[in-house]
Amino acid sequence: MADTATPNVIRRADYAPPAFLIDTVALEFDLIPERTVVRNTMRVRRNPDASHASNFELMGEQLEFVSATIDGAPFAQAHAHEHGLTLDNVPDSFELTLTSICNPAENTTLSGLYVSGGNFFTQCEAEGFRRITYFLDRPDVMATFTVTLRASKADYPVLLSNGNLLEEGDLPDGRHFARWEDPFRKPSYLFALVAGKLVALEERVKSGSGKEKLLQVWVEPHDLDKTRHAMDSLINSIRWDESRFGLELDLDRFMIVAVSDFNMGAMENKGLNIFNTKYVLANPETATDTDFANIEAVVGHEYFHNWTGNRVTCRDWFQLSLKEGLTVFRDQEFSADMAGGATDEAARATKRIEDVRVLRQMQFAEDAGPMAHPVRPESYVEINNFYTMTVYEKGSEVVRMYQTLFGRDGFRKGMDLYFKRHDGQAVTCDDFRHALADANGRDLAQFERWYSQAGTPRVSVRTQYDAAQQRYSVTLTQGYGDTAPAARETQKGPLLIPFAIGLIGKDGHDLALQLEGETRASEATTRVLEFTQTEQTFTFVNVAQEPLPSLLRNFSAPVIVEYDYSADQLAFLLAHDSDPFNRWEAGQRLATRELLTLAGRAATGVPLQLDDSVVAAFARVLTDETLSPAFRELALMLPSEAYLAEQMAESNPAAVHAARQFVRKRLANALRKDWLAVYEKHRTPGAYEATPEASGHRALKNLALSYLAELDDPAEAVRLASAQYDAANNMTDRSAALSALLNASAANGGSVEAQQALDDFYRRFEKEPLVIDKWFALQATQRGSAQRPVIEIVRKLMAHPAFNLKNPNRARSLIFSFCAANPAQFHAEDGSGYAFWAEQVIALDAINPQVAARLARSLELWRRFTPTLRDGMRAALEKVASQVKSRDVREIVEKALA
Ligand code: B3K
Ligand code: ZN
């Protein structure tokens, strides 16, 4: 039911258990693109824990009803309607067979059963199964599934579904069949099937307890050479979940299938994960270091769902973060362990920094706007709109806080108890919290507020040093500041905030920590304070000198810290803090403050200038050989334009762009020699290696190149970039060179070198859709100029033969890249960006509501912008609101305008 005039609000408070339960499901598919027949036989019984209902209501969408039988006899009292099927006066326990027809060939929503590249795929989470057959399509109804697939053998030689293959064979008329059985009870959202012309990379491994497992990565034949990294990532994920959490793969076979038309990243269907090609396919020529890292993370994420999501699932969709927050936390820890093991804190910190950067830029923004919601939302109109940064990323921070409070061992104890209690069940976020609390002998009632309050908490810090008494007191105050109305309604009281702190002495070393009342100082020089009241003072004793506080080390809670550091103090922390995260943080604070001052000046036309001390602080990082290249790259990267604009009282993307460009140019010109030296020193000649070290070198080298491209005279950068482009043996270096060429020529309205490289890039990779996505994205995110606005380039590219609005990756590469990742151009004063946005949201709404709703979100913060932009944004939102039909987009634009 994607189309409706008055969308219904679904509320968490209205949860009621299902009136009926389904114990077993036997599905039979006759796969034909335009007309697939589905026969569904279920064992149904009344739920003893629910109130009596005489009718059995099944969900169904876009289905053609054919017939119903109960216990083998035709059942006449079945009524199909727009939302499903009603069976009147059913017995207490019965076998129900339903036959229906769907049309996968015409299914452009990519939800349910659909055709992509001539093959069949499914996507059922959250509510796609009801587009395949009538069902109790809700996660607290768990059944065992047997699936029989029948199709033309020539067209669909491979037939896959969840679990284990029971039998396969030929049928008359060139057809064949396969029968699969999944021994584990599961909700319908974890069902999957795949049929088509695919090939697999296979590997057999032994699990921890010695059982043999078959692993397969299925792709189209021409992509087989890009599957090795995904397979390695899967094997590493299996090993990691065994060693870190004692969790073993429970099936004999585990399959990953790549599909190029997919709404999101990937899907954790039991034993048959279906992935966007973007998160499977990689070789050095086609994928960047970032792609390699993302593939490892997403393969891990989906694999880890097998326990956190599938074995223990969600009672209802309000509990989504139960599986998503927890599984994001697990994939983040997996990536950190892969990069730095358990002990290399600096290497682990690079992953932490990247994750926190995303959280701050995206989740904090979400929490400040009309879509703000708690980690466990109270209501929704369309559940697909709640696969959000808050549920995923803030949810993962909430899980991380348990580990920060209880340590790795305490967290593991809690996880063990969670599985002991709930394996095979559909449960709630409260159940998870209780397991963590009970395993650690703690009352975590107050911690529940992290699940129920929206908005980003602010912690302000005051410090006082008493030299005579050698006491240092730290007073923390928590609140939410001026948050969005949507968030304010949910805020009830103070949170339990694990606040990690260290004290740094004049020589840059950590001081010993002894809190008042303790008999001696602890060995650890970082202390996690449990901050539970609105205002609370923690006093350290035996503090022989006035320290500099290092606050919220390793970002121990998803909050904003307010403390009045001087620029000198930040430079000192950047040079000395033993907590690598906070070293980076100090540089970001310094840069953010400077950039916001400059943006304020740019907005009012005052000339810009940058203090030499800031340049000196950056120079020290650039030349500090004791720091890893990966860390230096992160520390030298300025905060993004979107993040900076969000920090302004009135967001002004043009002013932010001017300020950030000014600083980049200044750093480029002032440190030219150093950038050149770093560029030369961190080249990685020889065969490509995907190790964290090698990718750190490339990252720093390519950052240097991007700064060199800002030089007043970019000739040297153009020469280096052209040479790098031609010589590159990997996509990281080739795309970075192309980007540098585009940016170096932006001021002059483009250059021959940039155009030649773009043309060459297209020709070289014409047959690699994921690389052509990069080609579109690089152009959509390039810097524009008054003579050459990027909107004109984007509009031209919309007409390129390789552009296809129906393919989500392609739509994202051009449209989303421009609307969400090129703020200075998108927010052009003439409103051209907003007009384009409205056209595309409306066009996508008719094809794929989920993708359209994502794009719709790029204007949701409109009220925070400068008045001229605000008016243009409102007009565009109103236009969209008056024309779109899907529940998905309507929920977004109506909330934005409310
Ligand atoms: N669970 C899926 C997301 C499904 C999104 C539905 N609109 C992927 C993941 O988080 O692992
Ligand atoms: Zn997930």
Side-chain angles (χ1 to χ4, degrees), residues 25-41 62-67 97-124 128-129 131-134 145-182 191-202 214 216-224 227 253 255-262 267 269 271-275 277 280 769 804 806-807:
V25 183
L27 295 170
E28 290 172 65
F29 288 85
D30 283 292
L31 293 164
I32 294 169
E34 293 76 25
R35 206 179 149 75
T36 288
V37 181
V38 182
R39 218 170 106 99
N40 169 7
T41 302
Q62 307 281 311
L63 297 175
E64 186 185 323
F65 175 68
V66 177
S67 66
T97 299
L98 299 173
T99 305
S100 59
I101 293 169
C102 60
N103 185 346
E106 295 292 304
N107 182 0
T108 59
T109 68
L110 312 184
S111 164
L113 178 62
Y114 64 94
V115 174
S116 164
N119 299 326
F120 286 95
F121 299 90
T122 55
Q123 171 56 36
C124 292
F129 192 71
R131 301 167 59 91
I132 297 175
T133 180
Y134 296 101
F145 283 66
T146 311
V147 178
T148 305
L149 304 173
R150 290 186 287 265
S152 148
K153 191 170 182 175
D155 296 337
Y156 311 102
V158 173
L159 302 173
L160 309 175
S161 191
N162 315 85
N164 302 316
L165 181 63
L166 288 184
E167 65 176 314
E168 57 187 336
D170 289 339
L171 295 168
D173 305 330
R175 295 168 65 75
H176 70 150
F177 78 97
R179 186 172 357 261
W180 293 80
E181 180 188 59
D182 181 355
F191 164 80
L193 77 76
V194 170
K197 292 189 181 116
L198 298 167
V199 295
L201 173 68
E202 280 193 2
L214 172 62
Q216 295 176 319
V217 179
W218 290 94
V219 296
E220 289 186 23
H222 58 267
D223 286 326
L224 196 57
T227 51
R253 173 201 281 250
M255 298 171 276
I256 287 176
V257 186
V259 56
S260 55
D261 293 290
F262 205 66
M267 178 64 212
N269 317 299
L272 181 58
N273 288 356
I274 299 183
F275 272 60
T277 45
V280 176
N804 171 12
K806 288 190 178 156
N807 175 254

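Every heavy atom of this structure was used, including side-chain atoms; hydrogens, water molecules and symmetry mates were not. Values in this document were obtained by computation on a predicted structure and should not be read as measured data.
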Under 3.5 Å side-chain donor-acceptor pair for Arg179 and Thr148: yes
Whether over 12 other heavy atoms sit under 6.0 Å from Glu202 CD: yes
Flag if over 12 foreign heavy atoms under 6.0 Å of CZ, Arg253: yes
Distance check, rounded to the nearest 0.5 Å: [X] atom [atom1] versus [Y] atom [atom2]?
{"X": "Asn40", "Y": "Leu98", "atom1": "CG", "atom2": "CG", "result": "5.5 Å"}
{"X": "Leu193", "Y": "Phe120", "atom1": "CG", "atom2": "CZ", "result": "8.5 Å"}
{"X": "Glu220", "Y": "Asn119", "atom1": "CD", "atom2": "CG", "result": "6.0 Å"}
{"X": "Gln62", "Y": "Ser100", "atom1": "CD", "atom2": "OG", "result": "12.5 Å"}
{"X": "Ile256", "Y": "Phe275", "atom1": "CD1", "atom2": "CZ", "result": "4.5 Å"}
{"X": "Ile132", "Y": "Gln123", "atom1": "CD1", "atom2": "CD", "result": "9.5 Å"}

How close do [X] and [Y] get, heavy atom to heavy atom, and via which atoms?
{"X": "Leu198", "Y": "Val194", "result": "CD1-CG1, 3.5 Å"}
{"X": "Pro221", "Y": "Lys197", "result": "CD-O, 3.8 Å"}
{"X": "Phe191", "Y": "Ser161", "result": "CE1-OG, 3.9 Å"}
{"X": "Leu63", "Y": "Thr133", "result": "CD1-C, 3.6 Å"}
{"X": "Asp261", "Y": "Ser116", "result": "OD2-OG, 2.6 Å"}
{"X": "Thr36", "Y": "Pro104", "result": "OG1-CG, 3.5 Å"}

Measure from the side-chain N and O atoms of [X] to the backbone N and O of [Y], and report whether any donor-acceptor pair falls under 3.5 Å.
{"X": "Trp180", "Y": "Leu159", "value": "yes"}
{"X": "Asn807", "Y": "Ser260", "value": "yes"}
{"X": "Asn107", "Y": "Ser111", "value": "yes"}
{"X": "Arg150", "Y": "Arg175", "value": "no"}

[X] versus [Y]: any side-chain heavy-atom pair under 4.5 Å?
{"X": "Met255", "Y": "Leu272", "answer": "yes"}
{"X": "Asn269", "Y": "Asn162", "answer": "yes"}
{"X": "Thr109", "Y": "Arg131", "answer": "yes"}
{"X": "Val158", "Y": "Trp218", "answer": "yes"}
{"X": "Val199", "Y": "Val219", "answer": "yes"}

Partners passing side chain to side chain contact (heavy atoms under 4.5 Å, CB included) against Pro769 (at least two apart in sequence or in another chain): Arg810
Phe121 and Tyr114 aromatic ring geometry - parallel, tilted or perpendicular at 30°/60° bounds: tilted
Worked check of side chain to side chain contact (heavy atoms under 4.5 Å, CB included) between Phe145 and Leu27: CA-CA 7 Å; Phe145 283 66; Leu27 295 170; 4.1 Å; yes
